[in-house]
Amino acid sequence: MIKILIADDQELIRQSLQIILGAETGFEVIDSVENGKEVIRAIRKEKPDVILMDIRMPEMDGVVCTQIIKENYPDIKIIILTTFDDDEYVFNALKYGASGYLLKGIQTKELADAIRKVYQGTSMINEDIASKVVNMFSRMAKTNLTIQIDEQQTAQLKDTEWQIIVLVGSGLSNKEIAGKLKLSEGTIRNSLSMILSKLDLRDRTQLAIWAVQTGAVNKVFKDEI
């Protein structure tokens with residue numbers, strides 16, 4: 001059962017999402033709240049697996065809330081569900097660890113599928129703004145936003161860990177990586193945790209950004225992968 005928390009300042013949106021998602025097999029909507037502060041309080045009561053969160057909310061917006069949640073509850077998946085596709089919102093939401101960024105015009109089936117995929121470790125980005133993300137990664141590679149990791153840290157990485165980094169940077173989920181490397185999902189999750197610890201990174205989003213920025217995603221393991 002995937003436990004879902006809904007955060008949106010519009011009551012009609014919250015009620016609609018509760019009805020829609022509550023009818024889906026394998027979903028449990030544990031709460032719905034109207035701002036970021038209430039999200040934090042709700043998490044302390046019962047930790048959700050996935051949060052559907054609007055960007056513009058009173059008292060605490062979705063970007064700030066995402067940052068706080070991922071710093072304190074890194075396992076919780078966050079999907080930004082909004083009407084806004086502004087570059088800054090997209091960049092900050094993903095930078096702070098959101099697993100998805102979807103526009104509210106999405107179809108019910110697409111939303112349900114996105115929740116399941118994000119729960120399993122895949123990032124989901126609306127097609128309308130996917131190009132923005134690609135452009136942002138390209139710009140980041142040319143700026144001073146590069147994530148710094150020294151050679152002593154990378155020297156600790158094993159070949160299999162490098163292979164996982166390549167695949168994370170390519171956007172693959174844990175399940176897809178497990179299939180590629182013929183390992184179990186549990187092994188991939190444990191290896192990913194070890195990689196993040198060795199490189200002192202917060203989450204797989206930071207790892208993917210680092211892999212793209214530094215060219216590690218193109219490391220010569222292609223004949224083995």
Side-chain angles (χ1 to χ4, degrees), residues 2 47-51 66-67 69-80 90-102 113-126 130 133-143 145-225:
I2 302 175
K47 195 173 79 169
D49 298 308
V50 178
I51 302 174
T66 295
Q67 182 181 14
I69 292 168
K70 295 304 289 187
E71 286 176 352
N72 294 280
Y73 306 93
D75 293 336
I76 295 178
K77 311 296 185 183
I78 299 173
I79 297 176
I80 300 298
V90 176
F91 172 77
N92 286 327
L94 296 175
K95 179 178 72 173
Y96 291 131
S99 298
Y101 199 108
L102 305 173
D113 288 344
I115 291 171
R116 292 187 178 97
K117 288 179 180 179
V118 163
Y119 175 71
Q120 293 169 357
T122 301
S123 295
M124 295 298 298
I125 301 172
N126 189 283
V133 176
V134 173
N135 290 335
M136 279 188 290
F137 275 123
S138 178
R139 290 199 302 271
M140 287 168 65
K142 301 174 184 176
T143 68
L145 294 174
T146 302
I147 295 171
Q148 298 295 329
I149 295 175
D150 62 41
E151 291 183 7
Q152 286 184 330
Q153 290 171 287
T154 58
Q156 302 175 56
L157 297 171
K158 301 174 182 177
D159 284 356
T160 301
E161 290 172 334
W162 273 115
Q163 290 177 316
I164 291 171
I165 291 170
V166 169
L167 295 172
V168 167
S170 299
L172 274 66
S173 68
N174 286 350
K175 183 176 182 179
E176 291 168 329
I177 294 172
K180 286 275 189 182
L181 300 182
K182 296 179 173 56
L183 298 170
S184 70
E185 284 188 67
T187 298
I188 298 302
R189 281 195 296 271
N190 292 338
S191 296
L192 188 55
S193 295
M194 184 63 69
I195 292 167
L196 296 176
S197 176
K198 288 180 179 180
L199 300 183
D200 195 25
L201 295 176
R202 184 184 63 234
D203 53 37
R204 69 186 297 132
T205 301
Q206 282 196 337
L207 179 62
I209 291 172
W210 174 75
V212 172
Q213 288 178 335
T214 61
V217 73
N218 298 315
K219 192 171 177 65
V220 183
F221 283 108
K222 292 181 180 178
D223 57 336
E224 300 177 26
I225 294 173

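Just so you know, residue 1 is the first one in the sequence shown, and it goes up from there.
- Rounding to the nearest 0.5 Å gives a distance of 9.0 Å between CD1 of Ile165 and CG of Leu192.
- You'll find the side chain of Val168 stays beyond 4.5 Å of the side chain of Ile195, heavy atoms only.
- Under the 4.5 Å side-chain criterion, counting only non-hydrogen atoms from C-beta, Leu181 is in contact with Leu167.
- Distance check, rounded to the nearest 0.5 Å: CG of Leu183 to CG of Asn190 gives 11.0 Å.
- When all heavy atoms of Thr66 and Ala98 are compared, the pair lying nearest together is CG2-N, 3.9 Å.
- Atoms CG and CD, on Leu201 and Gln153 in that order, are 7.5 Å from each other to the nearest 0.5 Å.
- Residues Arg116 and Asp113 meet the side-chain proximity criterion, which asks for heavy atoms closer than 4.5 Å.
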For residues 69-79, tabulate all N or O donor-acceptor pairs below 3.5 Å that involve a side-chain atom, not counting sequence neighbours.
residue : atom : partner : partner atom : Å
Lys70   : NZ   : Pro74   : O            : 2.8
Lys70   : NZ   : Ile76   : O            : 2.9
Asn72   : ND2  : Ile68   : O            : 2.8

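- In this structure, CG on Leu199 lies 5.0 Å from CG on Leu157, to the nearest 0.5 angstrom.
- In this view, Glu176 and Leu172, Ser173 satisfy the side chain to side chain contact (heavy atoms under 4.5 Å, CB included) rule, not counting sequence neighbours.
- Contact of the Lys198 side chain with the Glu161 side chain is registered, since non-hydrogen atoms from C-beta on lie closer than 4.5 Å.
- Lys117 is linked by a side chain to side chain donor-acceptor pair (under 3.5 Å) to nothing, counting only residues two or more places apart in sequence or in another chain.
- Annotation: the span from Lys182 atom NZ to Thr187 atom OG1 amounts to 14.5 Å, rounded to 0.5 Å.
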